[in-house]
Amino acid sequence: MNKSLVTVAGATALALTLAACGSAPDSGSDATGEATGGAEATTAEAIDVVDGFKACMVSDAGGYDDQSFNQSGKEGLDRAAADWGIATNAVESTSDADYGPNIDSLIDDGCTYIIGVGFLLAPAIAEAAQANPDIEFGLIDSALSNPDFSPLVLDNVKPLLFNTAEAAFLAGYAAAGMTQSGTVGTFGGLPIDSVEIFMDGFSDGITQYNEDNGASVTLLGWDKAAQTGSFTGDFDNQANGTTVTQGFIDQGADIVMPVAGPVGLGAATALQSGGGTLIWVDSDGFLSTDFGDITLTSVMKQIGQAVHDSIKDAAEGNFSNEAYVGTLENGGVGLAPWHDFESKVPAELSAKIDDYKQQIIDGTFTVESENTP
């Protein structure tokens, strides 16, 4: 069997170009009416698994205990194994140099559907997919592109994408309504589409709150118009998250949304010490981190559900390279419950957020981002 030989170098932002949205994941509902997904969201149904099928996954350098992005993907893989007795294998990467070799190891292990977790795996997934057209691949949070950044569509690669700007808009509105200082912040790990889309939506939510209420809440860390802001440069070093967040706190910010995987835990440490409030991303931070007491809400991608459902399709022989895009409408993205902040969030603010959510679902209100998949 062929396998990838050289990892493509020099990955930068990839174009998230796609033809249409895939089917919606099954999802539950939280106390605010948002989709929750997660391991308990559906009851397993019997499926007819193709002989020899094996679903596998490669993490990015954050690893499967990142309490965020990779962990959510692994939960979807594990649930597929539990639901249907599917053979699985998951390997962790500790650096970018691991991606190609890790994919090769899964090919050697007989994996028939290999999922890469995140944008940084796109070059290695593309090369492996082209070298192994008989193997199916999934890629979380990114489509593929050629070296000139033009879209690359392969018959055996399915992008799993999320329009997080919609849910981040709601989080931005909430942050603007809950700040006591009038200043909030956000930062990213790397300046890539799947990070900046959160920041775009967050910024728009704050702007809309200001317009609706004659307020002047300030956002640190992101200028949507200029598409410039604060980034730590990685998704690994939690100390960088602490440093950036402390800088925001020193400028008066009392609520911060890190979009940086495990680096966000460093932000949470600074906020906890400084009496601030956290907005988590990807998973429900109240449940997945040790900082639930300071977590206002989370901008969730239902990564686990998307992985689970894509494995089901592939296991039944129904793999498609059509991109799945999670939205508020199909439950692929959502805002987590208020949890410990339930009694602190004014009913009027919560109702207004619910109203905007419904307008976005109905198509009467649009959250715009140049990073939208």
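Only heavy atoms go into these numbers, but all of them, side chains included; no hydrogens, no water, no symmetry mates.
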Asker: Does Tyr324 reach the side chain of Asp313, with side-chain heavy atoms less than 4.5 Å apart?
Answerer: no
Asker: Are Gln227 and Asp200 side-chain neighbours, meaning at least one heavy-atom pair lies under 4.5 Å?
Answerer: yes
Asker: Any chance you could lay out the side-chain contact (heavy atoms from CB on, under 4.5 Å) test for Tyr113 and Lys54, step after step, and finish with the verdict?
Answerer: CA-CA 6 Å; Tyr113 180 45; Lys54 187 171 187 177; over 6 Å; no
Asker: Do Asp355 and Gln359 have side-chain N/O donor and acceptor atoms under 3.5 Å apart?
Answerer: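 Result is yes, a qualifying pair exists.
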Asker: Less than 3.5 Å apart, any donor N or O on the side chain of Gln246 or Asp250 sitting next to an acceptor on the other?
Answerer: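 Gln246 vs Asp250: donor-acceptor pair found between side chains.
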Asker: Can you find a side-chain donor-acceptor pair between Asp204 and Tyr173 that sits under 3.5 Å?
Answerer: no
Asker: What class does the angle between the rings of Trp84 and His308 fall in, given that below 30° is parallel, 30 to 60° is tilted and above 60° is perpendicular?
Answerer: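 Rings of Trp84 and His308: tilted, 30 to 60°.
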Asker: Which residues end up grouped with Phe286 if you chain together Ile, Leu, Val, Met, Phe, Trp and Tyr wherever their side-chain heavy atoms are less than 4.5 Å apart?
Answerer: Leu287
Asker: Can a salt bridge be assigned to the pair Glu196 and Lys224 using a cut-off of 4.0 Å between side-chain N and carboxylate O?
Answerer: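 Answer for the salt bridge query: no.
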Asker: Are any non-hydrogen side-chain atoms of Val157 and Ile125 less than 4.5 angstrom apart?
Answerer: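 Of all side-chain heavy-atom pairs linking Ile125 with Val157, at least one is under 4.5 Å.
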Asker: List the atom of Ser59, the atom of Tyr99, and the distance in Å for their closest heavy-atom pair.
Answerer: O-CE2, 3.8 Å
Asker: Side chains of Thr327 and Asn163 only: does a donor on one sit below 3.5 Å from an acceptor on the other?
Answerer: no
Asker: If only side-chain N and O atoms count, and only distance matters, is there a donor-acceptor pair under 3.5 Å linking Ser93 with Asp60?
Answerer: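 No.
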Asker: Counting distance only, does the side-chain N/O of Asp234 pair as donor-acceptor with the main-chain N or O of Asp236 below 3.5 Å?
Answerer: yes
Asker: Indicate yes or no: at least one non-hydrogen side-chain atom of Phe231 is less than 4.5 angstrom from one of Leu190.
Answerer: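 Result no, sub-4.5 Å side-chain heavy-atom pair not found.
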Asker: Does any donor atom in the side chain of Asp66 or Asn70 lie under 3.5 Å from an acceptor atom in the other side chain?
Answerer: yes
Asker: Would you please test Leu144 and Leu139 for side-chain contact (heavy atoms from CB on, under 4.5 Å) and show each step?
Answerer: CA-CA 9 Å; Leu144 300 178; Leu139 180 59; 3.6 Å; yes
Asker: So, do Phe169 and Phe202 have ring centers that fall under 6.0 Å from each other?
Answerer: no
Asker: So Asp48 and Glu316, do their side chains get closer than 4.5 Å, heavy atoms only?
Answerer: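 They are not in contact (no side-chain heavy atoms under 4.5 Å apart), so the answer is no.
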Asker: So, do Ile279 and Ile255 sit near enough that their side-chain heavy atoms are less than 4.5 Å apart?
Answerer: yes
Asker: Does the side chain of Asp362 come under 3.5 Å of the side chain of Thr364 through a donor N or O and an acceptor N or O?
Answerer: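 No, no side-chain donor-acceptor contact under 3.5 Å.
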Asker: Quick one: name the residues clustered hydrophobically with Leu265, using the 4.5 Å side-chain heavy-atom rule over I, L, V, M, F, W, Y, and just say none if it's on its own.
Answerer: Phe187, Leu220, Val244, Phe248, Ile249, Val256, Val263, Leu271, Leu278, Trp280, Phe291, Ile294
Asker: Do you see a donor-acceptor pair shorter than 3.5 Å between the side chains of Thr232 and Asn240?
Answerer: no
Asker: Tell me whether Asn146 contacts the main-chain N or O of Phe149 through its side chain, where contact means a donor paired with an acceptor under 3.5 Å.
Answerer: no
